[in-house]
Amino acid sequence: MTAPSKWRTAVAAVAASAAFAAVPVLGAQPAHAQYPPPSPGLTLSSTAVYQGAKLAFIGRGFASEQAVVAELLPEQTRLGNFRANRVGAVWGSVRIPRCTTPGNHVFRLRASNPDRILEAGITVLERPGDDPCTTKAVPKQQARAAALPAGQQNLADTGDDKTPLLMGGAAGLAALGGGGVLLARRLRKH
């Protein structure tokens, strides 16, 4: 191997190494400092919802990555478990139980350590048609809940999926590695 070809191989190796080191940085989320922090608040998709219908929400003012429980009062029905993002926002949707008594209720997002409670008044409307709380419907609902593994009755889809980002990073690394190999072969032939 002559001196210029060793030099070219070294340059190709350094370029490939730099590319491998840069890909994780490209996929990193930017850091945002926000001062003052956003004030706590709760936004609902609707303040009137039918029995058995979904209710979407956005809550702000929680601690970063804090566990949050969605509840319906006064029955204290747990509607779901969620996790706030890095800036303390939590969002999702819950289903109002079909057997909820029509009338005024309170939708609550509750977190502990540090304690934070966000509440909003909602009106649950009677679902038109058949009575969902007849004795025939309740055993079916209980059977469906019992069929789920323990702890999965109230799982929420938080939408925090980094699979596309990771797959794109892996594809980029593979392409850079392949290009580095081809470049090294080409430089050896010359």
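- Atom CG of Leu73 sits about 13.0 Å away from atom CG of Asn104, to the nearest 0.5 Å.
- The minimum heavy-atom distance linking His105 with Pro74 is given by the pair ND1-CD, 3.6 Å.
- Using a 4.0 Å cut-off between charged nitrogen and carboxylate oxygen, Glu119 and Arg108 count as a salt-bridge pair.
- With a 4.5 Å cut-off on side-chain heavy atoms, Thr100 and Leu72 count as touching.
- No salt bridge links Arg83 with Glu65; every basic N to acidic carboxylate O contact stays at or beyond 4.0 Å.
- Nearest heavy-atom pair across Gly59 and Leu109 is CA-CD1, 4.0 Å.
- Within the model, atoms CZ of Arg110 and CD of Glu71 stand 4.0 Å from one another, a figure rounded to the nearest 0.5 Å.
- Rounding to the nearest 0.5 angstrom, the gap separating the CD atom in Glu75 from the OG1 atom in Thr101 is 5.5 Å.
- Taking 4.5 Å as the limit, some side-chain heavy atom of Ile122 sits within range of a side-chain heavy atom of Val49.
- By the criterion of side-chain heavy atoms lying less than 4.5 angstrom apart, applied directly or through intervening Ile, Leu, Val, Met, Phe, Trp or Tyr residues, Phe62 is grouped together with Leu42 in one hydrophobic cluster.
- Closest of all the heavy-atom pairs between Leu118 and Pro40 is CD2-CB, 3.9 Å.
- Side chain of Ser45 to main chain of Ala56: a donor-acceptor pair is present (N/O by atom type, distance under 3.5 Å, no hydrogens or angles).
- Listed here is the closest heavy atom pair of Gln66 and Pro114: NE2-O, 2.7 Å.
- Counting all heavy atoms, side chain and backbone alike, Leu44 lies closest to Ala120 at CD1-CB, 3.6 Å.
- Leu79 places a side-chain heavy atom less than 4.5 Å from the side chain of Phe107.
- Under the 3.5 Å distance criterion, the side-chain polar atoms of Gln51 are left unmatched by any main-chain donor or acceptor of Val124.
- For Tyr50, the ring pair (Phe, Tyr, Trp, His ring centres under 6.0 Å) criterion is met by no residue, not counting sequence neighbours.
- Contact between Pro97 and Thr77 at its shortest, heavy atoms only, is CG-CG2, 4.0 Å.
- If you look at Phe82 and Phe57, their ring centroids are closer than 6.0 Å.
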